[in-house]
Amino acid sequence: MQQDWTRREFLKRSAAFAAGAAVSTGLPLRALAGVREPYKPAIDLAVASGASPVKNTLAAVEKLGGFGKFVRPGDKVALKPNPIGASPPEQAINTHPEMIGAVVKGCLGAGAARVIVLSHDSPDWFEGNGTAEAVRRAGGIVKPINDRADYVEIPLPRARLLHSVEIARDIAEADVFINMPIAKHHAGARVTFAMKNLMGANWDRIILHRLDLQATIAELATAVRHDLIIMDANHALLTNGPSGPGRVSRPQTVIAGVDPVAVDAWACRYLDVRPESVGHIRHAWELGVGEMNLDRLKIDEFAA
């Protein structure tokens, strides 16, 4: 039976579970949606369009209230881009490095004690596509998370296939988690947006493919509370994803929000697919992760 929860109801239920789970397992509350009440913007999605990826990024975050609403002085911030490959941003394979640098700088400007940019991917990719340079220049820390000691086990009580997952410890213990995917095609999952990007924050990715990729991506999304999502749709990979090369369009857009289902549902338009036709988006909505029905959301589209 489908459950049409509001985000507030979802957070209340998640927080209630988190409190009990933390007592029994000692797991960090952050990953289980329990720490502090997250900032909820007045709008659900900010969609900024223009020629500059950095201006689009900053304008979208500002429309939600600015970095200071998400990041408090002394916070530890974990930021998850899609850093695969060594291609330039125009090929739409990895999150635009200058966007990542701008977000690192914005978080530090809001008082963050540190910003760690991480993914379960090759260090050579971070260096080759310019992500590492942009992060260091902005004052952040680059951390490929390729050691199992970098992960912590999180139970998934709402999942049907996965009993638990091992999530990056830096995300689990962060005060703020920011997901920065890029909009692109994926041969197995059909699309790779915010929720699919979480696979690079999870230790065992093979089991998701072995079980049911669409269902398990949605179940993985129940393990982590997003504090902010900033989607790179300045360029979008339409074919041959996730590694390309393929056909690329130029939406020249950045989408920001706090609901991964809503962000992913909006991004579907750039690949000409319907949100409800993408299994993991539909499953995540059914699990109460977020809202798939865009007509129920407050969305602000504007020129940056």
Side-chain angles (χ1 to χ4, degrees), residues 7 38-71 77 79-82 88-110 115 117 130-131 134-135 138 176-184 191-195 197 226-238 248-273 275 281 290-292 294-304:
R7 174 172 170 77
Y39 168 64
K40 180 169 175 55
I43 60 174
D44 296 292
L45 297 178
V47 184
S49 298
S52 169
V54 170
K55 287 184 180 179
N56 291 341
T57 299
L58 297 178
V61 175
E62 187 62 30
K63 186 68 71 170
L64 295 181
F67 286 103
K69 293 292 187 179
F70 296 95
V71 179
V77 178
L79 191 161
K80 171 65 177 74
N82 189 324
E90 293 73 23
Q91 292 191 17
I93 295 168
N94 51 271
T95 309
H96 199 298
E98 295 306 317
M99 283 180 58
I100 300 169
V103 173
V104 171
K105 187 175 181 180
C107 291
L108 292 172
V115 181
V117 177
T131 298
V135 170
V176 178
F177 171 53
I178 301 176
N179 192 346
M180 291 190 68
I182 183 168
K184 59 181 179 177
V191 299
T192 173
F193 300 145
M195 288 186 286
N197 198 40
H226 288 80
D227 293 291
L228 178 60
I229 303 146
I230 304 170
M231 169 82 73
D232 178 1
N234 295 285
H235 298 83
L237 182 64
L238 306 180
V248 175
S249 66
R250 295 190 64 199
Q252 294 187 309
T253 299
V254 167
I255 308 100
V258 298
D259 178 343
V261 179
V263 172
D264 284 9
W266 179 273
C268 281
R269 66 190 55 207
Y270 304 121
L271 273 70
D272 195 26
V273 298
I281 295 177
E291 181 56 74
M292 179 179 67
L294 296 173
D295 58 355
R296 297 179 181 175
L297 303 177
K298 295 179 181 179
I299 301 169
D300 193 343
E301 297 180 73
F302 60 97

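For reference, positions follow the sequence shown, starting with 1.
- With Thr95 as the fixed residue, the side chain to side chain contact (heavy atoms under 4.5 Å, CB included) test singles out one of Asn82, Asn197, Asn234: Asn82.
- For the pair Glu291 and Val261, the minimum side-chain heavy-atom distance is 4.5 Å or more.
- Between the side chain of Asp232 and the backbone N or O of His96, at least one donor-acceptor pair lies under 3.5 Å.
- With hydrogens and angles disregarded, a donor-acceptor distance shorter than 3.5 Å links the side chain of Lys184 to the backbone of Ile93.
- When side chains are defined from C-beta on, Leu271 does not count as touching Ser249, because their heavy atoms never get closer than 4.5 Å.
- Just one residue in the list Leu294, Asp300, Asp259 forms a side chain to side chain contact (heavy atoms under 4.5 Å, CB included) with Leu45, and that residue is Leu294.
- Contact check for Leu228 versus Val176: no side-chain heavy atoms found under the 4.5 Å cut-off.
- The shortest side-chain heavy-atom distance between Ile299 and Ile43 does not fall under the 4.5 Å cut-off.
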Side chain to side chain contact (heavy atoms under 4.5 Å, CB included) evaluation trace for Val248 with Glu90: CA-CA 8 Å; Val248 175; Glu90 293 73 23; over 6 Å; no
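- Two residues are said to be in side-chain contact when any heavy atoms from C-beta on lie closer than 4.5 Å; Asp227 and Ile178 fail this criterion.
- Ring geometry, Phe177 versus His226: the interplanar angle falls from 30° to 60°, so the pair is classed tilted.
- Residues Ala194 and Asn179 come closest through the heavy atom pair O-ND2, 2.8 Å.
- The two residues Lys69 and Gly65 come nearest to each other via the heavy atoms CG-O, 3.3 Å.
- Residues Ile281 and Met195 form a side-chain contact, since some pair of their non-hydrogen atoms from C-beta on lies under 4.5 Å apart.
- Across every non-hydrogen atom of Met231 and Ala183, the tightest pair is SD-N, 3.7 Å.
- Counting all heavy atoms, side chain and backbone alike, Ala102 lies closest to Val54 at CB-CG1, 4.0 Å.
- You'll find the side chain of Val77 stays beyond 4.5 Å of the side chain of Phe70, heavy atoms only.
- Nearest heavy-atom pair, Tyr270 versus Leu238, reported as atom, atom and distance to 0.1 Å: O-CD2, 3.2 Å.
- The backbone N or O of Pro97 lies less than 3.5 Å from no partner atom in the side chain of Thr131, so there is not a single donor-acceptor pair.
- Interatomic distance, Glu98 CD to Lys55 NZ, rounded to the nearest 0.5 Å: 14.0 Å.
- Between the side chain of Asn56 and the main chain of Gly50, a donor-acceptor pair closer than 3.5 Å is present.
- In this structure, Met99 and Ile230 approach most closely via the heavy-atom pair CE-CG2, 4.0 Å.
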